[in-house]
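Working notes for the structure below.
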Amino acid sequence: MSDTNSPAPRRSQRDKKAVQPFISAASSGPKKRKRTSSDTENDAPGPVDAQAVPSDESGEDEDDEPGEEGYEAPKVKGTKPRRKSSPKPKATPTAKKPRAEKIVMPKPLKVAARRGRKPKETENAYDADQVAKDTKISADNPLFNAIMNPASPLQSSAEDFLESLQQSPESTLAELINLVLRSCGCNDSVDADQAVDFDGIVSALDDFTEVLKQENSPVYPLTSKLPVFKRFRKSLSEWIERLVISAADLGALYTTQMMETLQQWVVSMSSSQIRSFRHTATVIALEAETALCDVAAAVDKEAEVVARQREGEKKRKASTKGPNPRLKELEQKAQAIKRQQNKLKSYIKEFVDGVFVHRFRDLDPNIRAECVRAIGLWLKKYPDYFLDAHYLRYVGWVLSDANNHVRLEAVKALSNVYDQSEYVPSLTHFTERFKSRLLEMATSDVELSIRVAVIHVLGDIEGHFPLEDEEKDKLCLLLFDEENRVRRAVSPFVRAVWEEDTDEQLSAQNKPNDKEKGRIGFKVLSKLFVRWGKALDTIAGDAEESELGDVAGDEDDVVTGGSRRAHRRKEVIALVTEKKLGRVALAVEALWSEIEPLSDWEALLELLLLDHSAAGDGSQGAASPPARAKANGKQKVDDYQVADAWRLEEVEESVLLEVLVSALRLAKEESTGGKKGEEENVSNNITRELIKGLPRLFIKHQSDQGRIAEVLAIPTLMNLDLYLEMRMIAAYTALWDDVIKQFMSHSSAKVLSNAMTAIRYFMEATSLSNSNSTKILELEDELSTQLRDTIAGRDEIEVASFSEDEVLALGAWCTRLAILTGTRNMTLWIEEDEGGKQSSAWDIVNALVERGRLGYKEEEMMIEQALHVLMLHILWKTKGLTADKEPTPEEIRYKEVLIEQRETFLEKLVEYAVGTQSNTVDGVKRAAFKHLLDLHVLYSSTNAISPEGTPLPISSLALTLDDEVQYRCAGYIQAEIERYAEFLDDDNDEDDDSQRSDAEGSDGQDNADAEKGAKAKRPKKPKKATNEGLSDVNPRDLLEREYLFIDVISTFLRAIRCGAMHIHHGAVILAHYGRLEAAFDACSRVVVDVLREDSIMKGDPQIIVATLTQALQEGYTLVLDGMVRDEMNATQLAKLLATCFVVRGNQLSVIRRLPAQYIIQVQTNLLSWISKRLAGYAANENKKSFKSAIDFFRVLIPLLNAIDSRDALKIKAHMDQVFAEAKVEVSPTSKVWESQRAYEKRLGAIMSKDNPQMPKAKRGRKKGAAATGAGASSGEDESEGDGIQDEDIQDRPRPRPRPRRSTRANPDGVDESTGDEGAPVTPKARRGKAAAQRKSPSVEAEARPDDGEGSRSASPLPSLTPSEEGDPEPEETTTPRSSLKRPREDEEDEATGEANGDLDDEMDDIPDIQVRRKRIRH
């Protein structure tokens, strides 16, 4: 009885689910079978344990498969099913072997993860009806329900489907197609006849498509964010794979129409216009193709086995006479396999040609990514078929895809291709064709993960198809990339290059020992670093610069531009710190785990201590080192000989010094996470070696500032306490002397910074405090002595004449003192005058600063550093103030001296920064300006009180900037902005000139037009002397110039935020919003934030009125003067400033709003200003400026967002009044006044929004306009209230896109709406009369009352008007004004297309009806 009823429950997954509770028990019983290769093995024990009725079913079907696998296990050695010997062996062995051995084995892990039945209530929680209600997808398909149910066994579902396929193929195939439809989010179904009717597939899909079009956004599982669909994609893929593999095992794949039917439907659906159909069908096709690849690969392998068996039988038959039944059986089997192969290849080809070839270039990047990911799997699973140039080219083409995810999938597809060595010859053509693209992606792709993946692929390519030397170098340059992941990814490739070069050098040596091999390896590494570094400098355009802020020591690097750049680098000296790693240090980090000799820092130190300066012949080179070797007596003489194989050039020695410093640092870091005590041992070992070697490095490299800078970084890696433990205080003081000597003898920024770091590290060693105190005093004495020696014999330093060497010496001395004062309180030393016997350092530095008014360019750096010293002195003195209410006489005197010094300093700062009498150079002026504002920020009233409310010591010393000085500071900022804008414009002009020169030979007229355009582009930009020599500008110069500029601007912003500068002066920055670069725009947004806080939150709204008015006036003056091309920047500024009207909180809630009268005041002020401009331009007949001035109304539109109808009426009245006073006439037809009409229309829209007296037709039209913005385009979008802001910025090209959007919408929506009327003429009228929509609405509006002038396309529209509009009478109020539009057809056709300025356009019928009909469609 159970046998007779079994087929029906197996057809339906719901009936199968009714038996689900027994499955949970299976997890406790058959633990041995949990790791089997089929899902049915987990399901089978349930019925056996439950009762006898299901046990018959399991004996009939489910136990067959475990039994078969149990039989195969002994035959296939080493496979997992070896444990299952109990089930009965009743299957045909040969057909099942490949499936059990190769295909099905990997799958149970997936299903086990999916079917983990620990939470038992999860199974009961799944409710198909509830899911259908939530997702709006019918639950009538058992296959879809099985995939959706996380507790359903997919293998059983697939096998039940195949069993039903044998009994009732048509209805079962209909279930399969309905599964595809449900996966697409479609609730339509096909019956048994439709499923196999291949000729009717297209018409059926058209019907389904029409139904789906009615839904705004149909949900389909692959892209839905609903939690119930979270695992749908994975389950669908798994079910398809299990279905195809099981069908192949049972033979249904070759004997039924399952695959043909699925292909016919899926291929047709993959070309649908509906994204859900196209996406889902593509995914199903690709997953089926992937499963077919598994099956085909297994069949091919079985074919090879059978072929070998046939050959063996043939050889056996040759030795024995008579018939061989075994051979005949094998031949029949080979023929059957051949038929299977042909069938599988036909399926595979159909999916590729019908789906993949078309969808891999789909408009949707998700579909393209699916295709590329799938072909990557095919290349891996079935290389015999897919791994050739024909299929690889699809991957190559996608390497240039615009979407990051698609490109990443393409690279992943190639990741395993080159690992299959037997197929490498077929990759030759593909590699040669796309290698250049892969290199380009590795070096310059915007996505980091893509670059990393491509680098790995290129490393695989190098193993089979060696790259050219140029290509290798290009790839090796990534070792210096800014991204750590890229550096680490390319390090194996760099190691291979290093090993290749090292082996080449070793082959030329005669049996080198290990030490010689190591030295040759370091030589090769340094050579590579030097070569790549030069290539990198050439690419960056700064090959002549060094990284030290000075002219490089290598004479090859010293060029004419080096001194200028070196001098400019002094201005960014604050950027030079010991924590910034150079390119070599970053490269060593990446190669640390790849190149073993890098960790042998002892050998590297020994190599660097050798003398590599000897000339070519070895006898001379080895002559002097033996003497030192004898004196040491610790090493053999040969160890000190320098062979040509590892003799280092100077630049190579510099590189290896950096490598040594990095290796020591990494060795210490590596020991940090090691065993207990390992870090101390490594640190002590390093210190012991450096105690002996570091003095020799100082002696050897003290004359080269590049190398000595690296040597000065080494002491910070030592354990200084070891000096005391080893009783080597003399060696420690000698180390102090070496560092002080370098600090006092060099002026390089990097040398001084590293020396100061070492001194600070010495001072932190408390166990050596006595030595440290003595040595720091010696350093101060040497500074004092050096200063007095330099200025000896000069009484009036302010006007004395200094030689060039003396200026350099004083500049270096000021730099040293500034660096030392930056880390140590030197106030007592600076003020020390030995009781009046000599001048104090404060007086001398003040005298040097006085020379700033002379304007000597050569003394710029010296005076900058002197100002820095004085500023640091004031800061240290301020820090020493006390807050006692009853100060001592010493504290009072201390405070008086501070005030006196501060006032003296402030006088000089004001004179140099914004004074009019001095002849200060730019660098000194910039430094004085920054110090002036920083000093006022320090002593501002906002900093005088602590957060707890108690007064700080500086409260009695508060400073305020005079209004005059504030205006001068704002003027200085204005000048700096103009100077930087000219710098950028000159750079851009040079680029334009070079481009024009490249195109000179094309056409004479084009050249003339280009020249005219160039002159028009820069009419008022005279070049200044400061911009000379920009022809050799490079990215580093641009970056440094930007840093200096933003440094000044940020100082100004800091003063505004702290209240030292009035917020009103922020208008200087706001006026140039959008003109410069993104960093400057970020500064402008800071001003807006402060403005919003001060004006609204602190209750001072007049500030915002004055600031906004000034910012917009100055910003648009740039447009009127031709400094800026158009009003785009000013419009963006207006949008930014409009945010000042409202302060919003969480979730955009309005916290506070600016009163409306102040917004009106901003508008009226700007209207008055622009009307005067218009009157002046009209009087002077300056048509170009007149037209530009009218465009200012576009700028005013964004400022209307926060007003109501009454405010709009006031603004409209003021505009009419100022136009009348200025005698400016607004033309209602001229295109020139288009911006003003848009502004007036916006005012009218605001007035009609809240005014109940306005005609109803206008308000109805406004609703229609909103609908138009959502879908169709009616040619009069400008009446939309909020959309006008963005549209008006580029109003001229807007009329042309409107018909395009309209025609694009036609296929989706208009056909259905017109279908109700049965008039196919309407779409043509919308498409063909796009111009008529813009030209003739007024004429049709006049013709409507009598209906006597209806055109051929407009005739149905008036008939719809009464039913749609309901109240057409108010539109007659526009008839007198609409007559103004009649001349526009005769005078200016183009201008008629832009007739969007009048409010009367809101009453046109054609756009209104289109909007209504679109709403009906939705």
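- Between Glu1234 and Tyr1239, the side chains place no donor N or O within less than 3.5 Å of an acceptor N or O (distance only, hydrogens not considered).
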Exercise. Could you walk me through whether His1062 and Gln966 pass the side chain to side chain donor-acceptor pair (under 3.5 Å) check?
Worked result: CA-CA 8 Å; His1062 196 277; Gln966 290 192 31; 5.9 Å; no
For this session: Mind running side chain to side chain donor-acceptor pair (under 3.5 Å) on Tyr912 and Glu907 for me, showing each step along the way?
Result: CA-CA 9 Å; Tyr912 292 164; Glu907 290 178 7; over 6 Å; no
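- Tyr967 and His1065 have their aromatic ring centers within a separation under 6.0 angstrom.
- Taking CG of Asp1207 as the reference point, atom CG of Leu1200 lies at 10.0 Å (rounded to 0.5 Å).
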For this session: In sequence, state the C-alpha distance, the side-chain angles, and the governing distance for Phe1219 and Leu1167, and then conclude on side-chain contact (heavy atoms from CB on, under 4.5 Å).
Result: CA-CA 9 Å; Phe1219 277 176; Leu1167 286 171; 5.8 Å; no
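- A donor-acceptor contact shorter than 3.5 Å links the side chain of Tyr1116 to the backbone of Phe1192.
- Salt-bridge formation is detected for the pair Asp934/Arg1054: a Lys NZ or Arg NE/NH1/NH2 atom is positioned less than 4.0 Å from an Asp or Glu carboxylate oxygen.
- Ion pairing between Lys1212 and Asp1216 holds under the 4.0 Å rule for side-chain N and carboxylate O.
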For this session: In sequence, state the C-alpha distance, the side-chain angles, and the governing distance for His931 and Leu935, and then conclude on side-chain contact (heavy atoms from CB on, under 4.5 Å).
Result: CA-CA 6 Å; His931 293 318; Leu935 208 57; over 6 Å; no
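- Two residues are said to be in side-chain contact when any heavy atoms from C-beta on lie closer than 4.5 Å; Asp1126 and Val1119 fail this criterion.
- Annotation: the span from Gln1163 atom CD to Ile1211 atom CD1 amounts to 4.5 Å, rounded to 0.5 Å.
- In this structure, CD in Gln1113 is found 12.5 Å from CG in Leu1118, a value given to the nearest 0.5 Å.
- Proximity of Glu1077 to Leu984: side-chain heavy atoms (C-beta onward) are separated by under 4.5 Å at one or more points.
- Checking Asp1089, Leu1091, Val1162, Thr1107 one by one against Cys1140, the side-chain contact (heavy atoms from CB on, under 4.5 Å) holds for a single residue, Leu1091.
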For this session: Any chance you could lay out the side-chain contact (heavy atoms from CB on, under 4.5 Å) test for Phe1045 and Leu1076, step after step, and finish with the verdict?
Result: CA-CA 11 Å; Phe1045 173 69; Leu1076 304 177; 3.7 Å; yes
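- Between Phe1193 and Trp1233, the ring center distance fails the sub-6.0 Å criterion.
- The two residues Thr1109 and Leu1166 have their closest heavy-atom pair at O-CD2, 3.9 Å.
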Problem set entry | salt bridge (Lys or Arg N to Asp or Glu O under 4.0 Å) between Asp1191 and Arg1194, worked out | CA-CA 6 Å; Asp1191 289 338; Arg1194 287 197 182 121; 3.7 Å; yes
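- A salt bridge links Glu978 with Arg1075: the closest approach of a Lys/Arg side-chain nitrogen to an acidic carboxylate oxygen falls below 4.0 angstrom.
- Proximity of Ser1171 to Val1224: side-chain heavy atoms (C-beta onward) are nowhere separated by under 4.5 Å.
- Scanning all heavy atoms of the two residues, the minimum distance from Ala1071 to Glu1114 falls at CB-CB, 3.6 Å.
- The shortest non-hydrogen separation linking Val1195 to Ala1130 is CG1-O, 3.6 Å.
- The closest side-chain heavy-atom distance from Ile1063 to Val1087 is below 4.5 Å.
- The closest donor-acceptor contact from the side chain of Asp1081 to the backbone of Gly1074 lies under 3.5 Å.
- A donor-acceptor pair under 3.5 Å is absent between the side-chain atoms of Asp1121 and the main chain of Met1123, judged by distance alone.
- With hydrogens and angles ignored, the 3.5 Å screen pairs a side-chain donor or acceptor of Asn1180 with a backbone N or O of Gly1176.
- Nearest heavy-atom pair across Ala1189 and Leu1174 is CB-CD2, 3.5 Å.
- Between Ser1084 and Ile1069, the shortest heavy-atom contact is OG-CG2, 3.5 Å.
- Residues Tyr972 and Arg968 bring no donor and acceptor atom of their side chains to less than 3.5 Å of each other.
- With values rounded to the nearest 0.5 angstrom, Thr916 atom OG1 is found 9.0 Å from Glu911 atom CD.
- Although no hydrogens or angles enter the test, the distance criterion places no donor-acceptor pair under 3.5 Å between the side chain of Ser1188 and the main chain of Ser1185.
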For this session: Report the C-alpha distance between Glu1042 and Tyr980 in whole Å, list the side-chain angles of each, state the deciding distance to 0.1 Å, and finish with yes or no for side-chain contact (heavy atoms from CB on, under 4.5 Å).
Result: CA-CA 8 Å; Glu1042 182 184 4; Tyr980 185 65; 3.4 Å; yes
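- If you take CD1 on Ile1203 and CD1 on Ile1246, they are separated by 4.0 Å, rounding to the nearest 0.5 Å.
- Atoms CZ and OG1, on Phe929 and Thr920 in that order, are 14.0 Å from each other to the nearest 0.5 Å.
- No side-chain donor-acceptor contact under 3.5 Å links Gln1157 and Gln1161.
- The closest side-chain heavy-atom distance from Val1090 to Leu1053 is not below 4.5 Å.
- Proximity of a side-chain donor or acceptor of Asp962 to a complementary backbone N or O of Val965 within less than 3.5 Å is not detected.
- A pairwise comparison of heavy atoms in Gln1110 and Ala1067 identifies CD-CB, 3.7 Å as the closest pair.
- At least one side-chain heavy atom of Leu906 sits under 4.5 Å from a side-chain heavy atom of Leu959.
- With 3.5 Å as the limit, one finds a donor-acceptor pair spanning the side chains of His1214 and Ser1168.
- Figure legend: cation-pi geometry between Arg1153 and Phe1141 absent, as NZ or CZ is not positioned both under 6.0 Å from the six-membered ring centre and within 45° of its axis.
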For this session: Could you walk me through whether Arg979 and Glu976 pass the salt bridge (Lys or Arg N to Asp or Glu O under 4.0 Å) test, one step at a time?
Result: CA-CA 5 Å; Arg979 186 181 296 112; Glu976 283 291 304; 2.2 Å; yes
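- When side chains are defined from C-beta on, Ser941 does not count as touching Thr960, because their heavy atoms never get closer than 4.5 Å.
- For the pair Gln1236/Met1215, a side-chain contact is recorded, criterion being any heavy-atom separation below 4.5 Å from C-beta on.
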